[in-house]
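To start, the structure under review is shown below, and the notes come after it.
All values below come from the heavy atoms of this structure, side chains included, with hydrogens, waters and symmetry mates left out. Everything numeric in this text was worked out from a predicted model, so none of it was measured.
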Amino acid sequence: MEGNILLWIQENLRSAALTPVMEFITHLGDTAFIWIAMAAVFFVFKRTRMTGLQVLAALLGSLLINNLILKNFIARVRPYEVVGGLALLIEKQPDWSFPSGHSASSFAAATVIFLNHPRTGWPALVLAALIAFSRLYVGVHYPTDVLFGALSGILIGTAVFRLRARAGKGPGRRPD
């Protein structure tokens, strides 16, 4: 069933105009590059440094849980290896398919940004969703890989935010 969804995306959504855009978007998530860059920007300003630290903590949590533990435990083969007719648009990936690390790290970082800055955090969530969808578009993940990655990222980002909020309420600490 999931293979059919990927084939539908390939047949109905892929286009010569959209493919380079999706390839660019998917590569923004490589090694969490865009999110680390955003964390660096948050570090520049004193009032947003804690957001930068939380983004890095969420990325680290996502890396440990999703990329180092779950991917190796579940060991799901990439869809381009088994779905007949699915054309891979980017290079073969060196690790397992489930869960999507790009989706997980993107939503972990975007959730932290949104929870700290609700009015301006929406673009981060939109970018996370685009990166997640791009993984389906280029043919490297199944839909459940992306959905679980997004969900785990949201949970990790929320946990990091809440841990900081709880730590900030202790004696002698003032909230940001």
Side-chain angles (χ1 to χ4, degrees), residues 17-72 89-138 140-141 145-176:
L18 188 56
T19 293
V21 174
M22 283 296 167
E23 289 173 353
F24 174 78
I25 289 170
T26 212
H27 288 305
L28 286 175
D30 292 353
T31 64
F33 166 77
I34 191 67
W35 306 110
I36 293 170
M38 284 186 197
V41 171
F42 285 120
F43 275 113
V44 170
F45 305 101
K46 186 175 183 179
R47 68 177 190 84
T48 60
R49 281 190 189 135
M50 187 50 64
T51 301
L53 185 61
Q54 288 176 357
V55 167
L56 293 179
L59 290 172
L60 181 60
S62 179
L63 173 70
L64 292 172
I65 292 167
N66 293 298
N67 290 64
L68 298 179
I69 296 172
L70 290 176
K71 274 187 185 280
N72 292 307
L89 296 181
I90 61 171
E91 65 281 349
K92 289 186 175 190
Q93 303 297 288
D95 56 359
W96 300 105
S97 188
F98 185 91
S100 166
H102 280 65
S103 301
S105 62
S106 294
F107 274 97
T111 298
V112 165
I113 294 167
F114 177 76
L115 291 174
N116 279 290
H117 312 282
R119 283 186 282 168
T120 58
W122 283 104
L125 289 173
V126 170
L127 179 59
L130 287 170
I131 289 172
F133 176 74
S134 76
R135 304 306 283 171
L136 302 173
Y137 186 94
V138 301
V140 295
H141 281 293
D145 301 341
V146 168
L147 289 173
F148 184 86
L151 178 61
S152 71
I154 291 166
L155 292 173
I156 291 166
T158 301
V160 166
F161 176 80
R162 287 189 177 166
L163 284 171
R164 169 59 183 126
R166 181 169 287 158
K169 293 182 191 222
R173 297 182 192 258
R174 67 183 175 90
D176 291 307

Can you name the closest pair of heavy atoms from [X] and [Y] and give their distance?
X	Y	answer
V55	A109	CG1-CB, 3.9 Å
G157	L115	O-CD1, 4.4 Å
G121	I113	CA-CG2, 4.1 Å
P20	A17	CD-O, 3.5 Å
I69	I65	CB-O, 3.5 Å

What pairs with N67 under side-chain contact (heavy atoms from CB on, under 4.5 Å), at least two apart in sequence or on another chain?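 Expected list: L63, K71, D95.
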
Side chain of [X], backbone of [Y]: donor and acceptor closer than 3.5 Å?
X	Y	answer
S106	A128	no
T158	I154	yes
S62	L59	no

Would you say the side chain of [Y] lies within less than 4.5 Å of the side chain of [X], judging by non-hydrogen atoms?
X	Y	value
I25	F133	no
T111	Q54	no
L28	L130	no
F43	L53	yes
Y137	T19	yes
I90	H27	yes

Inter-residue atom distance [X].[atom1] - [Y].[atom2], 0.5 Å rounding:
X	Y	atom1	atom2	answer
M38	I36	CE	CD1	11.5 Å
F42	R47	CZ	CZ	9.5 Å
I156	F107	CD1	CZ	13.0 Å
S105	I34	OG	CD1	11.5 Å
S100	H141	OG	NE2	3.5 Å
T51	F161	OG1	CZ	8.5 Å

What is the ring orientation for W122 with F114, classed by angle as parallel under 30°, tilted 30 to 60°, or perpendicular over 60°? perpendicular

Criterion side chain to side chain contact (heavy atoms under 4.5 Å, CB included) on H117 and T48, from CA distance to verdict: CA-CA 9 Å; H117 312 282; T48 60; 3.9 Å; yes

Counting only heavy atoms from other residues, nucleotides and ligands, does the tally under 6.0 Å from CZ of R162 exceed 12?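 At most 12 heavy atoms, drawn from other residues, nucleotides or ligands, come within 6.0 Å of this atom.
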
Can you check side chain to side chain contact (heavy atoms under 4.5 Å, CB included) on K92 and V140, steps first, answer last? CA-CA 8 Å; K92 289 186 175 190; V140 295; over 6 Å; no

Using side-chain contact (heavy atoms from CB on, under 4.5 Å) as the criterion, point out the one residue from S103, P99, S97 that pairs with V146.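 Exactly one candidate clears the test, S103.
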
